[in-house]
A.B. asks: 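Below are the structure tokens for one structure; questions will follow.
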Amino acid sequence: MNVKNYVSSLPEDKLTALITHSAIKGKDVGAVIKAILKGSPPTTPEGVACRVLLYKHCIPLCESGDLQPEVASDMIGLLMMETHALPGPALAQLASVFVEAIKAGSMGSGKSLELFPTILTALSATETLAYAKGELSGDEYRKQLINSLCSCRWDPQCVTHLTSMFRDVPLSKEELQFVVEKVLRMCNKLDLQEIPPLAYQLLLLTAKGCKKLVLDGLVNLFNEQDQRVSEEAKHSDGLDVEVQSVPQDQLRHVEGTTILHVVFAVRLDHELGKELLKSIKAGQGELGGGLCPFSIALLLSVARIQRYEEQVFELLKAAVMRSLKDEHVQSGSMFVQGLLPQSRGVTHMILDTVRNSVFGWDHVTQGLVQLGFILMDSFGPKPGPFGKSSEGQTGTAKTPTQQACQLGGLILLESFKLHEPIRSEILEQVLTRLVTKMASPVSHFIELFSDIALSAPMILLESSSKVMETFDHLPYLPLRTVEGLLQAVQPLLRVSVSLRDALILVLRKAVFSSQLDGRKAAVAGFLLLLKNFKVLGSVACSQASQTVSASQVQVDVHSRYNSAANESLCLEILGSLRRSLGQQADVRGLLYQGFNGVLRRNSQLASSILQTLLSQLRRYYEPEQDLLPPVKLERCISAQGESVFLQEPLAQLMSCTVHCLLWYQDLRQDAQSAADGDEDEEEGGFQEELQDVLESITRRMMKSELEDFELDKSADFSSSSSVGVKNSIYAGLVLGVYEVLIEYNFIKGNYSKSCFEDVLQLFGRWHKLSDILKEKSSKSKSPFSRTGSQLSLSCVSTLLTALFRDSTQSREESLSVLRSSAEFQRYTVGMAVQKIQQLQEMGSKDSAERESTDRTFRHLCDITSALMWRYSRIPAALEEAGQGSSRGTSLLCLDGLLKVFSFVLQRHPARIKHFLCAVDVSEEEERDVEGSSVMKNIAFYIRQFQRAMVSQLSGAEDDFNSKEAQLLLSILGVLSGQLEPSSAQFVQMITWTVKISKETGLEDVAFCKALLSLLFRLHALYKSPVTVLWELCQDIHGELGDIDQDVEVEKQSHFAIVNTKTAPPTAILVLTQVGRILDEVDWLIAKRKWQLGTEQGNSEGGTQVGVQQDPVEKAVTLQMGTLLTALNELVQTALPPGPCTDTLLRTLGHTYTILTTLIKYYIQRSSTQPVGLPSRIEKLVKLSGSHLTPQCYSFITYVQSGDLTAGEKKKKKKEEGVAAASAKVLRESRAIPSLIFSIEQYEKFLILLSKKSKVNLMQYMKLSTSRDFRINGTTLEAVLQEQTEVSQESEESQRPQKKRRKQ
């Protein structure tokens, strides 16, 4: 009672001063507050007023910052315990104090906010409260307070405290959403450092709900920040001063911390994890997969939780493929690009995540490594037929699958460069895959390993033990894997003795391996060592320095160059390789292919190599000069039981000897002219002996007849007998020897007339044997097969240049000898085409050309130049004389040009300009071409081939060469693919193609297909080809007539290329294009549907966005309208039964499926947007219902009757009749019912749309009557009558047969 009197007797200012004084001193403040509360009972008005005063004073006192934290906590704790004793009006008064304080921004520390939830909870329990002029329940009053609080402006400093406070406030779902949206809006006003704690509070708040809203809000927040940083970086590229509103490193650290908070929350609340995956899956309909660098990093961090690992990587894998496929669709169609421009793809976002992870995102790096390997394993090249790889040897990835694999490699390479802790794991996994994936191609892993070795060679040295373990498996790996692996580690072998010794030890054992692949691996490894360990005095030719990169040079400076050690090492290796000369033909062939490359890189080994080759050649050389033939072929084969096989690839041995000898002679001549020194007698001795041997072989091979080799016209070349196999092997060896001698004498002759006559004589022998083999192959079922030509690419290049481009006066007489033989010219061009094909298929050169890409490129330029000159100049000059031979060579030239253009544009895209300038054969425009852009260069060649095509078409129809015209079109297609679709050159190309199609009336099906395929491909990159398709359909209808024979169709003749003969294949081509356009329309509708789904949750801007996207809807409707009109023409056309009718039925079914998809879209649109149905959709439905659908039923009847007629014609042959009938049943059972079902589905959804839109769309539709079970009375009666007649005829025809049997 005394306390109560004392408290009531104190004035307000003294009471507050007492509280302040004791609170600041921190002593007895709890006792003071307890005493005041005890002295002010809540049952009396004075007590309530005193308590309210206490609360009002303590709240700002706690926020002032003058109190110690524990004192403030004690005060708030005491006040919270007494809050429920306060009456409703007092609670409302205190709640308004908090609201006003928040509005005023005076909640600095947020300590007193702990009291606010207790006040709101107590308010909810109050029955009635005075509000304005009426009354409200306590809960309604609380809702009003929260609404007022979330509608006012918040001080950024108190946002986190308020978010934490709302965790303890009872909130409904709508109120929670209101609060979360308010907090997320405030995020942009906060400092970066304040976002992680706020995100943590928001994640705690998700225990009440709104999980998706919080996660989406955080992802969008950081996505916007990332975009702002990247935009600023772009703008500051051209400026000297870099201006950043947000420091990048700070942003990345904040993002990393936030990701950790989210992952922690997901570990505690699995529903949150499910919501995260669900939210990101929902956004995958968007271009770019709905992902951003932050969300990718977040997913990869969540993947560390085991239960989400598989789901996350499946989601990311699907997102990557979807994004790449979207990019593929957009890049292939200007129609799609114009409506939905390409956005930033997942590829760039993932690589951004890799770069961002350098800012301490250790929780992301492991996921990046897993993702990289998953992409490479899932989308890497697959094994093809006969064990060959199906991988394309491409410079740049083309298909989405190849791009996904390439992305996996980039992720791992960038991660390897940026993150030291994961390097050993990446390296170990790459090496493990190289060893274990023996059945699958591993070229992508070899490429990655090579890139790793180049980017961080010293790191590889630190992990040399893992590389050594891999060496142990070399004898068991495929040859290409071994070559790639050793090529990648060769820079390390120079500086790491232990690594080199380990490799040599493995290779020595492999030389005697029981497996052929092991012995091949040993040879490949030893050859690589010989190329890379140069002996002092070796010539530093251009080839020797090509594979040494900057990083390798950096490694080399750490060790002294030890020439003596290298020489002993190389001689020891040569000793091991000599043992391989007694092994299988494949092993020897590999060795012969590599010796020339070794010599070019390590010239001091020339003496040893040439002596080795000479001793090997002596085994098969006949030293008696009078004996023919000069080679002992019987020693080159081996027999085991009844089987005969090649033991010594003699042609390869001679080829290797010739290349090494010629190169060595050039080297010695250069050295002698530079030093004027004496020649080493010993070296000169074996050099002269080799020359004598080759001269003797040449002389005697020219004298030798085929009978000397037991290979005349009567010889057996069948593969079924051992004699035939032996003769085939002999023939291959003799042909190869002739080719080697042709090359040797051509190069050695130095343009002398006598040598060229020898060359022609050798070719005559080669040609005679080759003709016999061709004749035998054409007669036998198993054609003769031999390995590629022994002519080197450099020889072919020099030969072609000499034959066609060399105009030196002094060489004219000798060259006229070679030029006089049309067959030799044809042979040389054919060899060039063969060499280019080898380059395309193998990706590497053969024989001496295996080393140098630059040298190969130079030869390709020379070959292309010669082929261009030959094709553009000679045929016209030789038209009167020998037209057949000229045309044959011209076709080969064109085939070679097609292959070489494809190869260079694919493998050397960066060197296109250099290539085009080097092969230029024009005289008047040469300077202009060299100084112009790549686009103009390509356009120049396009014009040349266009002129050739026009001259082909302008001649008489009998002179038209379809094969040549098709090759020209293929070359034009390859070249035009390099033009920009927006360029004037591309417009000229497409205009020319349309003109040719409209003016050419040839009845050549293959040419028509090639021309129209080129037209469609170009048109897709320029604009939508629907109008062209419509005109083609009209032409087809006019040429083939109507399904109703009484209807006469007016011939439109837009395209002269369409005639009676070419119309059916043209129809199939047109329908293929219609299918492609329908797929594009389907893709656009799917994207538009996703946008509509996102608008559904945002009713504010729904109508506005719908209006913005109207061009997509309009374009899709117009496309479908034109396609329906075109199909309306085709469906009335009397197409021949078979592939044409089947394709049309399938395309019609596809069309109605897409129409159904479009109608479903408008059903969804009508439920989300109050916009009426567009009039163009009504027109489209009317077009489909009144024009197309009735004609479909007529066409079905025509197809069935057509099949019946076809069946009648075949009844003479019972078996053929049964086969035709079963084929007809199979076709009808699939195509016709499927089409009818598609039409009925379309009508079903039209009814739904009519109800939704209040527009009667079914007034345009005629209900279907076609059914599989429908009975056509007239047809049935005719068939029954016919069967009766047939049975009577058969009875009459069988009676006399029975009589004859009885006799």
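Just the heavy atoms: all of them, side chains too, but no hydrogens, waters or symmetry mates, feed the values below.
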A.B. asks: Check step by step if side chain to side chain contact (heavy atoms under 4.5 Å, CB included) holds for E275 and T206.
C.D. replies: CA-CA 11 Å; E275 198 60 54; T206 56; over 6 Å; no
A.B. asks: Which pair of non-hydrogen atoms, one from P1111 and one from L339, has the smallest distance, and what is that distance?
C.D. replies: O-CD2, 3.8 Å
A.B. asks: Salt bridge or not between R252 and D249? Use side-chain N to carboxylate O under 4.0 Å.
C.D. replies: no
A.B. asks: If you look at every heavy atom in A297 and W361, which pair is closest and at what distance?
C.D. replies: CB-CZ3, 3.5 Å
A.B. asks: Are any of the side-chain heavy atoms of V214 and L205 separated by less than 4.5 Å?
C.D. replies: no
A.B. asks: Decide, yes or no, whether a salt bridge links E1113 with R1088 under the criterion of side-chain N to carboxylate O below 4.0 Å.
C.D. replies: yes
A.B. asks: Roughly how far apart are K317 NZ and R322 CZ, rounded to 0.5 Å?
C.D. replies: 12.5 Å
A.B. asks: Hey, is the main chain of S172 close enough, under 3.5 Å, to the side chain of E175 for a donor-acceptor pair?
C.D. replies: yes
A.B. asks: How close do Y200 and H261 get, counting heavy atoms only, and between which atoms?
C.D. replies: CD1-ND1, 3.8 Å
A.B. asks: Is any side-chain heavy atom of C292 closer than 4.5 Å to a side-chain heavy atom of D226?
C.D. replies: no
A.B. asks: Looking at side-chain heavy atoms only, is the closest gap between V262 and L215 below 4.5 Å?
C.D. replies: yes
A.B. asks: Do E231 and Q227 have a side chain donor and acceptor closer than 3.5 Å?
C.D. replies: no
A.B. asks: Got a second to check how far K274's NZ is from D269's CG, nearest 0.5 Å?
C.D. replies: 10.0 Å
A.B. asks: Indicate the atoms forming the closest heavy-atom contact of L407 with I350, along with that distance.
C.D. replies: CD2-CD1, 4.1 Å
A.B. asks: OG/S1166 to NZ/K1254 distance, rounded to the nearest 0.5 angstrom?
C.D. replies: 9.0 Å
A.B. asks: Step by step, would you call K212 with K278 a side chain to side chain contact (heavy atoms under 4.5 Å, CB included)?
C.D. replies: CA-CA 9 Å; K212 182 179 186 303; K278 184 179 172 184; over 6 Å; no
A.B. asks: State, with a plain yes or no, whether a side-chain heavy atom of I195 is found less than 4.5 Å away from one of L192.
C.D. replies: yes
A.B. asks: Can V183 and L198 be said to form a side chain to side chain contact (heavy atoms under 4.5 Å, CB included), step by step?
C.D. replies: CA-CA 9 Å; V183 174; L198 176 61; 3.7 Å; yes
A.B. asks: Apply the test side chain to side chain donor-acceptor pair (under 3.5 Å) to residues H363 and R304: give CA-CA distance (whole Å), side-chain angles for both, the deciding distance (0.1 Å), then the verdict.
C.D. replies: CA-CA 8 Å; H363 43 89; R304 296 175 73 188; 5.4 Å; no
A.B. asks: Heavy-atom distance under 4.5 Å between the side chains of L316 and L291, does that happen here?
C.D. replies: yes
A.B. asks: Can you tell me how far CZ of R307 sits from NE2 of H270, rounded to the nearest 0.5 angstrom?
C.D. replies: 4.0 Å
A.B. asks: Decide, yes or no, whether a salt bridge links D216 with K211 under the criterion of side-chain N to carboxylate O below 4.0 Å.
C.D. replies: no
A.B. asks: Do F294 and N223 come within less than 4.5 Å of each other through their side chains, counting heavy atoms only?
C.D. replies: no
A.B. asks: Hey, what do you get for CZ (F222) to CG (N356), rounding to the nearest 0.5 Å?
C.D. replies: 12.0 Å
A.B. asks: Side chains of R1165 and P1174, heavy atoms from C-beta outward: is any pair under 4.5 Å?
C.D. replies: yes
A.B. asks: Do L171 and V179 make a side-chain contact, defined as non-hydrogen atoms from C-beta onward lying under 4.5 Å apart?
C.D. replies: yes
A.B. asks: Could you tell me how the ring of H253 sits relative to the ring of F359: parallel (under 30°), tilted (30 to 60°) or perpendicular (over 60°)?
C.D. replies: perpendicular
A.B. asks: Is it true that T365 and H419 share a donor-acceptor pair across their side chains at a distance under 3.5 Å?
C.D. replies: no
A.B. asks: Nearest 0.5 angstrom please: K325 NZ to Q330 CD, how far?
C.D. replies: 15.0 Å
A.B. asks: Testing L300, L418, I296 one by one against L368 for a side-chain contact (heavy atoms from CB on, under 4.5 Å), which residue passes?
C.D. replies: L300
A.B. asks: So which heavy atom on L371 is nearest to which on F313, and how close?
C.D. replies: N-CE2, 3.8 Å
A.B. asks: What is the minimum heavy-atom distance between L1173 and S1253, and which atoms define it?
C.D. replies: CD2-OG, 3.9 Å
A.B. asks: If you measure only the distance, is there a donor-acceptor pair under 3.5 Å linking the side chains of Q225 and E255?
C.D. replies: no
A.B. asks: Start with the C-alpha gap between Q193 and Q250, add the side-chain angles, then the distance that decides, and say whether side chain to side chain contact (heavy atoms under 4.5 Å, CB included) holds.
C.D. replies: CA-CA 8 Å; Q193 298 296 340; Q250 188 181 348; 3.1 Å; yes
